[in-house]
Amino acid sequence: MKKNFFSNEPGVFKGIQGTIIVAAVAVGGYFFYQEWKKNQEEKEANTAADAAAKHLRDLAAQGIVPTHNASQLEIYSQQLVEAMTGCGTDEDSIHRVMKQMVNDADVAALIVQFGVRYYQPCAWTSPVSFAIWEVNDQAYGGGLPIWFGYDLGDSEIEEINDILASKGITYKF
């Protein structure tokens, strides 16, 4: 004789158990999805950083090397994070950093140094994203091009590209 899992339970209790099971599966699926998404973003950011590192090596073979050391590039990376994380964007800070780039090697080295960082959405303009971030502070991550995509509009990215182009830099975000 087949015994039903819920056979001795009242109907309401069966519904509650079913709801708990469905909720547990949904929460587990959500966290699995978030981990998968994080891995995909890291993979994409690492691909961008790897491409920038290869470009950096190619430039070095042509005698074009970064004008900033790793410490300065880390300071620039932190300034970019501060300019873009949370509510509001400090475009002036982003422009100041981009104006410090002298050649394509500087931009590639900045992308490599930036690596994968995690973004805090704004609670006011993106409440759902912020709530997700509250649960998982690594829900929104990526490299510098991804961060620019999160935080800047097309015209703002074009302005960054114009700053770089004015210095003879060919890299485009």
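Just so it is clear, the values below take in all heavy atoms, side chains as well, and ignore hydrogens, waters and symmetry mates.
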Okay, side chain of Ser166, backbone of Ile163: is any donor-acceptor separation there less than 3.5 Å? yes

Side-chain H-bond candidate by donor/acceptor type, Gln78 with Glu74, under 3.5 Å: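 Glu74 and Gln78 do have a side-chain donor-acceptor pair below 3.5 Å.
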
Apply the test side chain to side chain contact (heavy atoms under 4.5 Å, CB included) to residues Gln120 and Asp137: give CA-CA distance (whole Å), side-chain angles for both, the deciding distance (0.1 Å), then the verdict. CA-CA 7 Å; Gln120 176 187 346; Asp137 66 353; over 6 Å; no

In the single-linkage hydrophobic clustering (I, L, V, M, F, W, Y; side-chain heavy atoms under 4.5 Å), do [X] and [Y] co-cluster?
X	Y	result
Val107	Leu59	no
Met84	Leu164	yes
Leu56	Val102	no
Ile169	Leu73	yes

Inter-residue atom distance [X].[atom1] - [Y].[atom2], 0.5 Å rounding:
X	Y	atom1	atom2	answer
Glu82	Gln79	CD	CD	7.0 Å
His68	Gln113	NE2	CD	12.5 Å
Asn161	Glu156	CG	CD	12.5 Å
Asp151	Ile157	CG	CD1	9.5 Å
Asn103	Ile64	CG	CD1	6.5 Å
Arg96	Asp90	CZ	CG	6.0 Å

Could you report the tightest heavy-atom contact between [X] and [Y], atom names first, then the distance?
X	Y	result
Ser126	Pro121	CB-CB, 4.4 Å
Ala123	Cys87	N-SG, 3.8 Å
Pro145	Tyr171	CG-OH, 3.8 Å
Gln72	Asn69	N-OD1, 2.8 Å
Gln100	Asp106	O-OD2, 4.2 Å
Ala49	Val112	O-CG2, 3.5 Å

Verify the ring-centre separation between Phe130 and Trp133: is it less than 6.0 angstrom? yes

Stepwise side chain to side chain contact (heavy atoms under 4.5 Å, CB included) test for Met98 and Leu80: CA-CA 10 Å; Met98 291 298 124; Leu80 291 169; 4.1 Å; yes

Mark yes or no: Arg117 above the aromatic ring of Phe114, with NZ or CZ under 6.0 Å from the six-membered ring centre and no more than 45 degrees from the axis.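 Yes.
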
Do NZ/NE/NH1/NH2 and the carboxylate oxygens of Asp58 and Lys54 come within less than 4.0 Å? yes

For Asp154, does the CG atom have more than 12 heavy-atom neighbours from other residues, nucleotides or ligands under 6.0 Å away?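 Open.
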
Matching residue for Thr125 among Pro127, Cys122, Ser129 - test: side chain to side chain contact (heavy atoms under 4.5 Å, CB included):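 Passing option: Cys122.
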
Check the orientation of Phe173 and Phe148. Use parallel for under 30°, tilted for 30 to 60°, and perpendicular for over 60°. perpendicular

